[in-house]
Amino acid sequence: MEMKKNTIIITGASSGIGKATALLLANNGFEIFNLDRAEQEFQHENIRYYNCDVASYEEVKNVIQLIAKNIGFIDGLFANAGIFLFGDLVDTSIDDMKNMIDTNLLGTLYVVKEVLPIMRKQKTGNILLMGSEQSFIGKAKNCIYGLTKGAIAQLTKNLCIDNAKYNIRVNCVCPGTIDTPGCQNIIEEISNKHKIDKIDIYNSINKAQPIKAMGSPNDVAEFALFIFSEKCHYMTGALVSIDGGSIAQ
């Protein structure tokens with residue numbers, strides 16, 4: 001079986017932070033496997049797309065086993081896929097609650113659970129989880145989303161301890177407000193619902209950041225490139241904020 005190195009699985013790499021990370025890593029010689037419900041609309045010789053809903057354990061299991069069989073080696077995992085829900089707990093439907101927990105938390109657990117045996121057998125591996133500024137702080141009308149990201153923070157620390165003996169590193173990136181398509185959709189919804197100009201909403205969000213600007217997906221992608229590079233061999237169990245100073249306030 002041909003052994004390929006620098007292979008990274010990224011969940012949710014068809015848009016936003018995942019897409020920016022996939023493209024940056026691919027342009028730096030990594031072979032990327034994009035697991036996403038939405039088909040990728042971009043072409044790159046180093047990026048392969050697999051239709052997969054991370055909220056389905058069977059889909060995750062089947063796709064990762066297929067990748068492992070075909071490639072034989074998985075260097076890294078970026079468990080990036082997630083959804084956002086803005087709303088008070090009382091006003092949040094049970095279905096919406098379950099959907100967010102299934103995607104953000106269980107989806108992360110599923111991909112890690114399937115990748116870990118492969119990495120343990122290799123006795124090497126590198127896992128990056130997607131946290132949030134809400135892995136550190138609370139925010140209004142973010143109860144369920146914050147719950148999932150707080151759990152991801154704790155998961156990072158526990159996985160780090162359990163897997164250090166296998167030479168597997170586990171870290172967590174915690175972005176603040178990033179100008180992704182998802183963020184743009186939320187701004188569009190707020191604008192339509194409250195009849196507020198989108199420019200005014202953007203300006204308000206930017207002013208709320210100490211650095212006076214939202215981040216870009218590439219800001220997070222650059223950190224992921226460092227994590228998966230040869231330069232980062234001693235960092236594990238870390239929660240790293242990329243938030244323009246938001247949690248420092």
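Every heavy atom of this structure was used, including side-chain atoms; hydrogens, water molecules and symmetry mates were not.
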- Task: Please indicate whether I211 has more than 12 foreign heavy atoms, meaning atoms of other residues, nucleotides or ligands, lying under 6.0 Å from its CD1.
- Result: no

- Message: Between N80 and G12 (side chain of the first, backbone of the second, donor and acceptor by atom type, cut-off under 3.5 Å), is there such a pair?
- Response: yes

- Task: Would you check if L77 and V112 make a side-chain contact, meaning some heavy-atom pair closer than 4.5 Å?
- Result: yes

- Name the one of I187, I186, N185 that satisfies side chain to side chain contact (heavy atoms under 4.5 Å, CB included) with C183? I187

- Query: How many angstroms lie between atom CG of D53 and atom OH of Y110, to the nearest 0.5 angstrom?
  - Reply: 10.0 Å

- Of all heavy-atom pairs linking Y49 and S14, the shortest is CE1-OG, 4.1 Å

- For the residue pair I10 and N34, establish whether any side-chain heavy-atom pair is separated by less than 4.5 Å. no

- Residue pair I47 / L23, side-chain heavy-atom distance below 4.5 Å: yes

- Query: Is the backbone of F73 close enough, under 3.5 Å, to the side chain of T7 for a donor and an acceptor to pair up by distance?
  - Reply: yes

- Item | salt bridge (Lys or Arg N to Asp or Glu O under 4.0 Å) partners of residues 122-145, not counting sequence neighbours, each pair once | E133-K139

- Note on the structure: Rounded to the nearest 0.5 angstrom, the CD1-OG distance for I152 and S135 is 7.5 Å

- With side chains defined as the heavy atoms from C-beta onward, is the minimum distance between I101 and K98 less than 4.5 Å? no

- Message: If you define the side chain from C-beta out and look only at heavy atoms, does anything of Y57 sit under 4.5 Å from L106?
- Response: no

- Under a 4.5 Å side-chain heavy-atom rule over Ile, Leu, Val, Met, Phe, Trp and Tyr, are F86 and Y145 clustered together? yes

- Task: Determine whether I242 and F78 fall in the same hydrophobic cluster, where Ile, Leu, Val, Met, Phe, Trp and Tyr are linked whenever their side-chain heavy atoms lie under 4.5 Å apart.
- Result: yes

- Message: side-chain hydrogen bond (donor to acceptor under 3.5 Å, both in side chains) for E31 and N6? Distances and angles first, verdict last.
- Response: CA-CA 6 Å; E31 186 170 10; N6 297 324; over 6 Å; no

- Residue E41 excluded, over 12 heavy atoms near CD under 6.0 Å: no

- Note on the structure: Here the gap from T236 atom OG1 to N126 atom CG, rounded to the nearest 0.5 Å, amounts to 8.5 Å

- Message: Can you give me the closest heavy-atom contact between S241 and F136, atom names plus distance?
- Response: CB-CE1, 4.1 Å

- Message: For residues I127 and L239: do they belong to one hydrophobic cluster (side chain heavy atoms under 4.5 Å, members Ile, Leu, Val, Met, Phe, Trp, Tyr)?
- Response: no

- Taking Q122 for the side chain and I74 for the main chain, is one N or O donor matched with an acceptor at less than 3.5 Å? yes

- Are I137 and V173 connected in a single hydrophobic cluster, I mean Ile/Leu/Val/Met/Phe/Trp/Tyr linked by side-chain heavy atoms less than 4.5 Å apart? no

- Message: On a heavy-atom basis, which atom in I64 and which in I9 lie closest, and how many Å separate them?
- Response: CG1-CD1, 4.3 Å

- Between the CD1 atom in I67 and the CD atom in E114, the distance rounded to the nearest 0.5 Å is 11.5 Å

- What about I247 and V240, same hydrophobic cluster or not, with Ile/Leu/Val/Met/Phe/Trp/Tyr joined at side-chain heavy-atom distances under 4.5 Å? no

- Query: Between N27 and H44, is a side-chain contact (heavy atoms from CB on, under 4.5 Å) present by the stated rule, with each step listed?
  - Reply: CA-CA 9 Å; N27 288 334; H44 197 293; 2.8 Å; yes

- Are any side-chain N or O atoms of D75 and backbone N or O atoms of I8, one a donor and one an acceptor, separated by less than 3.5 Å? no

- Query: Under the criterion side-chain hydrogen bond (donor to acceptor under 3.5 Å, both in side chains), which of D96, D91, D95 is the partner of S93?
  - Reply: D96

- Task: Drop me the distance from L25's CG to I32's CD1, to the nearest 0.5 angstrom.
- Result: 4.5 Å

- Does CD in E58 sit with more than 12 non-hydrogen atoms of other residues, nucleotides or ligands closer than 6.0 Å? yes

- Trace of the side-chain contact (heavy atoms from CB on, under 4.5 Å) decision for L159 with L129: CA-CA 11 Å; L159 288 173; L129 304 184; 4.2 Å; yes

- Side-chain contact, heavy-atom cut-off 4.5 Å: I144 with N104? no

- Contacts satisfying salt bridge (Lys or Arg N to Asp or Glu O under 4.0 Å) that involve residues 186-201 (not counting sequence neighbours) are E188-K198

- Query: Taking all non-hydrogen atoms of both residues, which atom of N171 and which atom of R169 are closest, and how far apart?
  - Reply: ND2-NH1, 3.6 Å

- Query: With a 4.5 Å heavy-atom cut-off, do K149 and N142 have their side chains touching?
  - Reply: no

- Task: Determine the interplanar angle of the Y50 and F33 rings, folded into 0 to 90°, and report it as parallel if under 30°, tilted if 30 to 60°, perpendicular if over 60°.
- Result: tilted

- Item | Under 3.5 Å: donor-acceptor pair, side chain of S229, backbone of F226 | yes

- Please report the C-alpha distance between I168 and R120 in whole Å, then the side-chain angles of each, then the deciding distance to 0.1 Å, and finally whether the side-chain contact (heavy atoms from CB on, under 4.5 Å) criterion is met. CA-CA 7 Å; I168 298 171; R120 288 180 175 182; 3.8 Å; yes

- Distance in Å, I71 CD1 paired with R48 CZ, rounded so as to fall on 0.5 Å steps: 4.0 Å

- Does K207 offer a backbone N or O that forms a donor-acceptor pair with the side chain of K212 under 3.5 Å? yes

- What are the two closest non-hydrogen atoms of Q184 and D179, and how far apart are they? NE2-OD1, 3.2 Å

- Message: So I17 and P175, do their side chains get closer than 4.5 Å, heavy atoms only?
- Response: yes

- Item | Main-chain N/O of A151 paired to Q154 side chain as donor or acceptor, under 3.5 Å | no

- Query: Counting only N and O atoms by type, is there a donor-acceptor contact under 3.5 Å from the side chain of Q209 to the main-chain atoms of I205?
  - Reply: yes

- Is the backbone of L35 close enough, under 3.5 Å, to the side chain of T11 for a donor and an acceptor to pair up by distance? no

- Query: Where do E39 and N51 land on the side-chain contact (heavy atoms from CB on, under 4.5 Å) test, with the steps shown first?
  - Reply: CA-CA 7 Å; E39 187 172 356; N51 184 275; over 6 Å; no

- Heavy-atom nearest pair, T156 first then C172, reads OG1-CB, 3.2 Å

- Query: With distance as the sole test, does D36 use its side chain to make a donor-acceptor pair with the main-chain N or O of Q40 at under 3.5 Å?
  - Reply: no

